[in-house]
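Keep in mind that the numbers below use all heavy atoms, side chains included, and drop hydrogens, waters and symmetry copies.
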Amino acid sequence: MDTKHGNATRLKLMETARELFIAKGVDRVGVREIASKAGVNLSLMNYYFQSKENLLEQIFEQSIKDNGQKIRQILNADMPLSEKIKVYINTYIDILTEDPLLVPFVLSIIHRNADQASRLKAVHTLYNTETFSNQLKHEAELGNIRKVDPEQFFISMISLILFPFAIKWLIGYRMTLNNEQMAQFLEDRREHVYDLLMNSLRP
């Protein structure tokens with residue numbers, strides 16, 4: 001099998017898997033269904049990915065590689081803290097809106113491989129940075145914000161951003177929201193999360 005054709009088949013399987021995972025959920029889709037939907041022999045599916053876990057990891061890496069670097073660069077950027085937090089929130093919500101599979105993937109991979117999550121290179125691009133931690137400490141020393149634990153603040157920040165995307169179906173059910181209303185609800189989170197975080201930093 002030539003490399004060009006092989007790469008095309010591999011990408012087709014990954015894209016088909018993404019579509020099925022979005023439609024049915026990660027745990028309700030098997031490799032046989034993915035291969036059948038993609039029109040690819042199951043043996044080729046096994047050749048490229050060996051297992052569903054490997055397939056998940058490769059889609060996960062592909063999904064967050066560039067986006068992970070983007071949000072990490074924001075944390076490392078030379079900009080005022082309030083602006084950085086706003087840009088971070090808006091960028092992260094943009095990413096999650098454009099890629100609805102990202103949050104379920106993160107949770108699925110970590111739950112399935114809790115003892116091996118650290119080996120996934122892409123995971124490290126999603127977490128806190130020393131630059132951001134030092135900026136929080138420095139602003140507190142100047143009296144511009146109250147003293148906070150940088151790790152706790154970061155966890156609060158990503159939790160406020162991510163959690164609504166993780167339970168979209170429950171929010172929609174509880175509030176009887178259609179797709180358009182849900183999209184607006186998540187859009188409104190931008191200012192709401194920003195205000196909560198900035199209020200928590202007031203000296």
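Under a 3.5 Å cut-off, the side chain of Arg146 and the backbone N or O of Ser200 do form a donor-acceptor pair.
At a threshold of 4.0 Å, the pair Arg190-Asp94 counts as salt-bridged, since one of the basic side-chain nitrogens sits closer than that to a carboxylate oxygen.
For Asn54 against Phe49, the heavy-atom pair with the smallest separation is CB-O, 2.9 Å. Contact record, Val29 with Lys52: O-NZ, 2.6 Å, taken as the closest heavy-atom pair. Summarising the geometry of Gln135 relative to Pro80, their closest heavy-atom pair is NE2-C, 3.9 Å, with the distance given to 0.1 Å. Annotation for Ser82 and Tyr194: closest pair O-CE1, 3.4 Å, computed over non-hydrogen atoms. The two atoms that bring Ile34 and Thr16 nearest to each other are O-CG2, 3.7 Å, heavy atoms only. Pro164 and Leu186 get closest at one heavy-atom pair: CB-CD2, 3.9 Å.
Residues passing the side chain to side chain contact (heavy atoms under 4.5 Å, CB included) test with Ala166, sequence neighbours excluded: Val103, Leu107. In this structure, the side chain to side chain contact (heavy atoms under 4.5 Å, CB included) partners of Ser159, at least two apart in sequence or on a different chain, are Ile155. For Asp99, the side chain to side chain contact (heavy atoms under 4.5 Å, CB included) test picks out Arg18, Ser63, Leu101, Leu102, with sequence neighbours left out. Not a single side chain to side chain contact (heavy atoms under 4.5 Å, CB included) links Ala183 to another residue, sequence neighbours left out.
Counting heavy atoms from C-beta outward, Tyr48 and Leu55 have side chains that stay 4.5 Å or more apart. Looking at heavy atoms from C-beta onward, Arg10 lies out of side-chain contact with Glu15 at the 4.5 angstrom threshold. At least one side-chain heavy atom of Leu56 sits less than 4.5 Å from a side-chain heavy atom of Phe21. In this structure, Tyr47 and Val40 have side chains that are not in contact, with every pair of non-hydrogen atoms separated by 4.5 Å or more.
No side-chain donor from either of Asn46 and Gln50 sits under 3.5 Å from a side-chain acceptor of the other. For the residue pair Arg202 and Asn199, a side-chain donor N or O sits within less than 3.5 Å of a side-chain acceptor on the partner.
In this structure, Phe154 and Phe132 have perpendicular ring planes: the angle between them is above 60°, well past the 30° mark.
Between atom CD1 of residue Ile89 and atom CD of residue Glu191 there is a gap of 8.5 Å, rounded to the nearest 0.5 Å. Remark: Lys84 NZ to Thr91 OG1 distance equals 12.5 Å, nearest 0.5 Å. Taken from CG in Leu160 to OH in Tyr92, the straight-line distance is 12.5 Å, to the nearest 0.5 Å. Here Thr131 contributes atom OG1 and Gln73 contributes atom CD; the two are 12.0 Å apart, rounded to the nearest 0.5 Å. Arg72 CZ to Asn67 CG: the interatomic distance, rounded to the nearest 0.5 Å, is 14.5 Å. From Asn144, atom CG reaches atom CD of Glu139 across 4.5 Å, with rounding to the nearest 0.5 Å.
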TODO: Show your working on side-chain contact (heavy atoms from CB on, under 4.5 Å) between Ile161 and Arg189 and close with a plain yes or no.
DONE: CA-CA 8 Å; Ile161 295 169; Arg189 292 289 296 172; over 6 Å; no

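For residues 30-41, every residue pair satisfying the side chain to side chain donor-acceptor pair (under 3.5 Å) rule, not counting sequence neighbours, is listed here: Lys24-Glu33, Asn41-Ser43.
The local environment of CG in Asp188 is crowded, with over 12 non-hydrogen atoms from other residues, nucleotides or ligands closer than 6.0 Å.
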Determine all donor-acceptor pairs shorter than 3.5 Å in which one atom belongs to a side chain in residues 167-181; sequence neighbours excluded.
unit_1, atom_1, unit_2, atom_2, d
Asn178, OD1, Glu180, N, 3.1
Asn178, OD1, Gln181, N, 2.7
Gln181, OE1, Asn178, N, 2.9

